[in-house]
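Both ligands and their constituent atoms are indexed starting at 1 by order of listing. Everything quoted here is computed from the prediction, not taken from an experiment.
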Amino acid sequence: MDQAVRFLDLLFDAGLLIQTGVDGLYGRSGAFEDVLNRVDALATRYGADDGAETLRFPPAMSRRAFETSGYLKSFPQLAGTVHSFCGNERDHARLLECLGAGDDWTSGQQATDVVLTPAACYPLYPTLAKRGPLPDDGKLFDLQSYCFRHEPSLDPARMQLFRMREYVRAGTPEQVLAFRETWLKRGEAMIRSLGLPLTIDIANDPFFGRAGKIMASGQRDQGLKFELLVPINSAAEPTACLSFNYHQDHFGKTWGIAMADGATAHTACVGFGLERITLALFKHHGLDVEAWPTPARDVLWG
Ligand code: AMP
Ligand code: ZN
């Protein structure tokens with residue numbers, strides 16, 4: 001963690017990230033955003049010939065859809081809900097009193113119909129289900145969203161609000177697995193073209209609690225999740241910059257997404273952690289983009 005904290009301080013000093021007083025919640029400089037947007041555009045170039053439908057959702061989603069998605073069963077510790085003041089004038093006076101006294105003023109807040117998006121693909125599935133059965137060759141989507149995860153940390157690569165670019169494939173198991181294979185290769189080529197060291201490994205999500213341990217080992221045993229890792233803070237514990245997730249029929253069943261023949265659709269997604277890839281570039285090539293190696297510059301600015 002020492003290395004991570006040092007890197008975070010360097011990023012603050014260089015003005016690339018801007019402190020807010022909350023760990024994992026940062027402003028970004030123009031230079032940081034420029035690199036991030038170029039990484040995003042690079043992912044677009046790699047997927048350009050696939051005919052993905054582009055959709056953009058705000059960084060929040062319907063609480064009802066979130067409840068249905070099963071997220072709270074697996075990751076209650078990461079979820080972020082939006083609460084608001086819904087009281088009358090007396091409640092308002094009490095709120096101000098608490099605020100003035102430095103007491104907890106949040107107990108009167110009430111849950112709204114909105115929660116923060118935990119992964120870019122979550123708002124997609126209910127939308128897809130509403131459209132009815134998928135065509136025979138399935139569907140492919142291009143998504144990007146700020147995502148929230150309650151995991152405050154001094155590691156700059158572990159933010160509470162960060163952007164996830166995704167391609168999501170829905171179709172038969174064969175179509176969906178072929179998509180994941182293609183992106184495992186493309187993701188590797190993309191990150192290598194940026195001059196970054198990488199490894200690819202089987203992975204599991206941080207499922208909550210004792211039951212979560214069983215879910216995590218099931219996910220690993222079935223090879224459902226792979227990650228492309230780049231050392232950012234330490235060589236021993238490289239950071240997941242891309243994830244390749246096969247959900248089997250989890251979302252298909254949850255949302256009633258069907259193929260034309262009535263079979264439940266399978267889904268998979270590839271997720272690019274845009275801040276993490278950007279941070280990996282600054283870590284390996286230095287904080288001054290003008291001084292980056294020519295091949296990496298050519299790929300991003302060429
Ligand atoms: P996941 O849904 O956990 O597989 O996340 C997809 C991608 O988002 C990961 O491969 C990371 O690159 C990125 N990511 C996940 N959590 C964070 C975080 N706390 N801060 C920054 N990026 C993250
Ligand atoms: Zn996803």
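- Within 6.0 Å of CG on Asp298 lie more than 12 heavy atoms contributed by other residues, nucleotides or ligands.
- The protein non-hydrogen atom at the shortest distance from atom 4 (O) of ligand 1 is Lys225 NZ, 2.6 Å.
- Hydrophobic clustering (ILVMFWY, side-chain heavy atoms < 4.5 Å, transitive): Leu279 and Leu42 are in one cluster.
- Of all protein heavy atoms, the one closest to atom 11 (C) of ligand 1 is Ala240 O, 3.4 Å.
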Could you walk me through whether Phe272 and Trp183 satisfy the ring pair (Phe, Tyr, Trp, His ring centres under 6.0 Å) test, starting with their C-alpha distance in whole Å, then the side-chain angles of each, then the deciding distance to 0.1 Å, before giving a yes or no? CA-CA 11 Å; Phe272 303 79; Trp183 273 105; 5.6 Å; yes
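- Atom 22 (N) of ligand 1 has its closest protein heavy atom at Arg276 NE, 3.3 Å.
- Both Leu128 and Tyr122 sit in one connected hydrophobic cluster of ILVMFWY residues. Membership requires side-chain heavy atoms under 4.5 Å apart, directly or through other members.
- With the Zn ion (ligand 2) as the vertex, SG of Cys269 and OE1 of Glu166 span 90° to the nearest 10°.
- Clustering ILVMFWY residues whenever any of their side-chain heavy atoms sit less than 4.5 angstrom apart, transitively, puts Val39 in a cluster other than the one holding Leu143.
- Considering backbone and side-chain N/O of Cys241, one or more are found under 3.5 Å from N/O of ligand 1.
- Closest protein heavy atom to atom 3 (O) of ligand 1: Arg149 NH1, 2.8 Å.
- Rounded to the nearest 0.5 angstrom, Asp2 CG and Ser234 OG are separated by 11.5 Å.
- Using a 4.0 Å cutoff on heavy atoms, Glu275 does not count as a contact of ligand 1.
- With hydrogens left out, the protein atom closest to atom 9 (C) of ligand 1 is Ser243 OG, 3.3 Å, a heavy atom.
- Among all non-hydrogen protein atoms, the one lying nearest atom 20 (N) of ligand 1 is Met159 N, 2.9 Å.
- With ring centers used as reference points, Phe75 lies under 6.0 Å from Phe207.
- At a heavy-atom distance under 4.0 Å, no atom of Gln160 approaches ligand 1.
- Looking at atom 13 (C) of ligand 1, its nearest protein heavy atom turns out to be Gly273 CA, 3.7 Å.
- At under 3.5 Å, a nitrogen or oxygen of Ala157, whether backbone or side chain, sits near a nitrogen or oxygen of ligand 1.
- Every atom of ligand 1 with a heavy atom of Leu242 under 4.0 Å away is listed here by number and element: 10 (O).
- The closest protein non-hydrogen atom to atom 14 (N) of ligand 1 is Phe162 CE1, 3.5 Å.
- The aromatic rings of Tyr125 and Phe251 lie parallel to each other, their planes meeting at an angle below 30°, with 60° marking the opposite boundary.
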For Phe141 and Tyr167, what are the C-alpha separation, side-chain angles and deciding distance, and is it a ring pair (Phe, Tyr, Trp, His ring centres under 6.0 Å)?
CA-CA 5 Å; Phe141 293 92; Tyr167 285 104; over 10 Å; no
